[in-house]
Amino acid sequence: MLSCIKTEFQKLLYLPYILLPIAGVLILCLSATGTTAADGSEVSIFFMMISSAEAGYRESIEGSSLWLWRQGIGSWLIVFLPLLLTFGYLMQLSSERQNGQLNLQLIRSGNLRWCAAKIISGALFGGFLFLAAYALFGMVMRAAFPAFSSFSAEDQGFYLEWYFGGSVAWYITKRLLGAFLYGIFGSVFGIGFAIFFRDKYMLLCLPFLMNYVCRQLLLKLEMDAWAVGAETIPILEALFPDNILNVSANSY
C-alpha cells in the first residue's frame with residue numbers, strides 16, 4: 001500500500017504542477033489586505049511592500065513581517081485554493097484516463113488499493129504544496145518588512161497575548177502545521193469531484209465553486225445565529241476551513 005502511495009505521489013512531482021500552484025498562492029497572499037489607509041481604503045500587502053518608506057506602513061507593529069504573514073490568508077486565496085491545490089492532480093488523472101494507463105494500473109494494483117493510494121497521495125500533495133507556498137510567503141515577508149522582535153516590548157506583549165499565543169516560535173510552528181492540514185482539506189474538494197466527473201475543465205471549475213458556495217452558506221448561517229444570539233456560533237466558526245490554520249485545542 002505504501003509503495004502504491006509513493007508511486008502515485010511521485011507522478012505528481014512534475015515541475016509545472018508544483019511551481020504554478022505555489023506561484024498562484026504567493027500572488028493571492030500578496031493581494032490580501034495588509035492594512036487600512038487613513039481614508040478607510042484597504043491596502044494590499046503587495047502595495048505595502050513596494051511603497052516608499054515615507055508611507056509609514058512599516059512603523060506600526062501591524063506592518064511587521066509576522067503580522068502580515070498572518071494577514072496573507074485573504075478571501076481570494078480561500079476561494080481559489082482548492083483549484084490551485086488540485087490542478088496537478090486533476091491533470092494527471094485526466095491524462096491517465098485518456099491514454100489508457102488507468103486500466104493497466106487497476107490490473108496491477110487492484111481497484112481498492114489504487115483508489116485509496118490515489119486519494120491519499122493527492123491529499124498529501126495538496127498539503128505539501130500549501131505548506132511550501134505559505135512558508136515561502138513567510139520568507140518574503142521576513143525579507144520585505146521589519147521583524148516582530150524589532151518593536152517595543154509593550155507592543156509585542158499585547159500582540160503575543162491576543163494573537164500569537166504567547167510565543168512566536170510556537171505560533172509559527174502551529175501555523176505551518178495548520179497550513180499542511182489546510183492544504184490536505186482544501187484538496188478534498190477537487191479529489192471528491194474527480195470521483196464522479198471526468199471532464200477536466202468541469203473539474204477545474206467545480207472545486208472552487210463548491211468551496212465558495214459552502215463559505216457563503218456558513219456565513220449566512222452565522223449571521224442568522226448572531227441575530228438571535230444562538231449558542232451555535234462557535235460551532236459554525238469552527239466549520240470554516242481556513243480556521244484549520246489556527247490548530248486550536250478548542251473542542252469544536
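Numbering of residues begins at 1 and proceeds along the displayed sequence. Everything numeric in this text was worked out from a predicted model, so none of it was measured.
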Counting only heavy atoms not in Y159 (residues, nucleotides, ligands), do more than 12 fall under 6.0 Å from its OH? yes

Would you say CD of E154 has more than 12 non-hydrogen atoms from neighbouring residues, nucleotides or ligands within 6.0 angstrom? no

Main-chain N/O of T35 paired to T33 side chain as donor or acceptor, under 3.5 Å: no

Q156 (side chain) donor-acceptor with S149 (main chain) under 3.5 angstrom: yes

Distance-minimising heavy-atom pair for [X] and [Y]:
X: F9; Y: L124; result: CE1-C, 4.0 Å
X: S187; Y: G126; result: OG-CA, 3.2 Å
X: P146; Y: F151; result: CB-CE1, 4.1 Å
X: G183; Y: F130; result: CA-CB, 3.9 Å
X: G178; Y: L245; result: C-CD2, 3.6 Å
X: L68; Y: E62; result: CD2-O, 3.7 Å

Can you list the residues that meet the side-chain hydrogen bond (donor to acceptor under 3.5 Å, both in side chains) rule with T36, with sequence neighbours excluded? none

Please list all pairs meeting salt bridge (charged side-chain N to carboxylate O under 4.0 Å, His left out) that have one or both residues in residues 211-223, counting only residues at least two apart or in different chains. R215-D242, K220-D224

Report the distance from atom [atom1] of [X] to atom [atom2] of [Y], rounding to the nearest 0.5 Å.
X: K6; Y: S121; atom1: NZ; atom2: OG; answer: 13.5 Å
X: M139; Y: S65; atom1: CE; atom2: OG; answer: 12.5 Å
X: F46; Y: L26; atom1: CZ; atom2: CG; answer: 10.5 Å
X: I184; Y: L129; atom1: CD1; atom2: CG; answer: 11.5 Å
X: C29; Y: W76; atom1: SG; atom2: CH2; answer: 15.0 Å
X: L217; Y: L221; atom1: CG; atom2: CG; answer: 4.5 Å

Could you work out the complete set of other residues in the hydrophobic cluster of L19, with links drawn between I, L, V, M, F, W and Y side chains under 4.5 Å apart? L15

Residues clustering with W170 (ILVMFWY side chains joined when closer than 4.5 Å, directly or via others): none

Do you reckon L93 sits in the same ILVMFWY cluster as V188, going by side-chain contacts under 4.5 Å, direct or chained? no

Please check if I27 and I18 belong to a single hydrophobic cluster, counting links between Ile, Leu, Val, Met, Phe, Trp and Tyr side chain heavy atoms closer than 4.5 Å. no

Under the ring-ring contact (aromatic ring centres under 6.0 Å, His included) test, residues paired with [X] that sit two or more places apart:
X: F164; value: F148, Y171
X: F128; value: F180
X: F145; value: none

Show me the side-chain donor-acceptor pairs of residues 77-90 shorter than 3.5 Å, one per line, residues at least two apart or across chains.
unit_1 : atom_1 : unit_2 : atom_2 : d
T86    : OG1    : P82    : O      : 2.6

Does some side-chain heavy atom of [Y] sit less than 4.5 Å from a side-chain heavy atom of [X]?
X: I172; Y: L66; value: yes
X: L30; Y: M141; value: yes
X: S51; Y: R58; value: yes

Using the side chain to side chain contact (heavy atoms under 4.5 Å, CB included) criterion, which residues pair with A117? Sequence neighbours excluded. C4, I5, E8

What residues form a side chain to side chain contact (heavy atoms under 4.5 Å, CB included) with A135, not counting sequence neighbours? L176

With side-chain contact (heavy atoms from CB on, under 4.5 Å) as the test, would you mind laying out the steps for F125 and L13 before giving the verdict? CA-CA 9 Å; F125 184 69; L13 299 179; 4.1 Å; yes

Using the side-chain hydrogen bond (donor to acceptor under 3.5 Å, both in side chains) rule, collect all pairs that involve residues 18-31, keeping only residues at least two apart or in two chains. none

Which residue pairs pass the side-chain hydrogen bond (donor to acceptor under 3.5 Å, both in side chains) test with at least one member in residues 133-148, sequence neighbours excluded? Y134-R175

Looking just at side-chain N and O atoms, do Y14 and Q92 make a donor-acceptor pair shorter than 3.5 Å? no

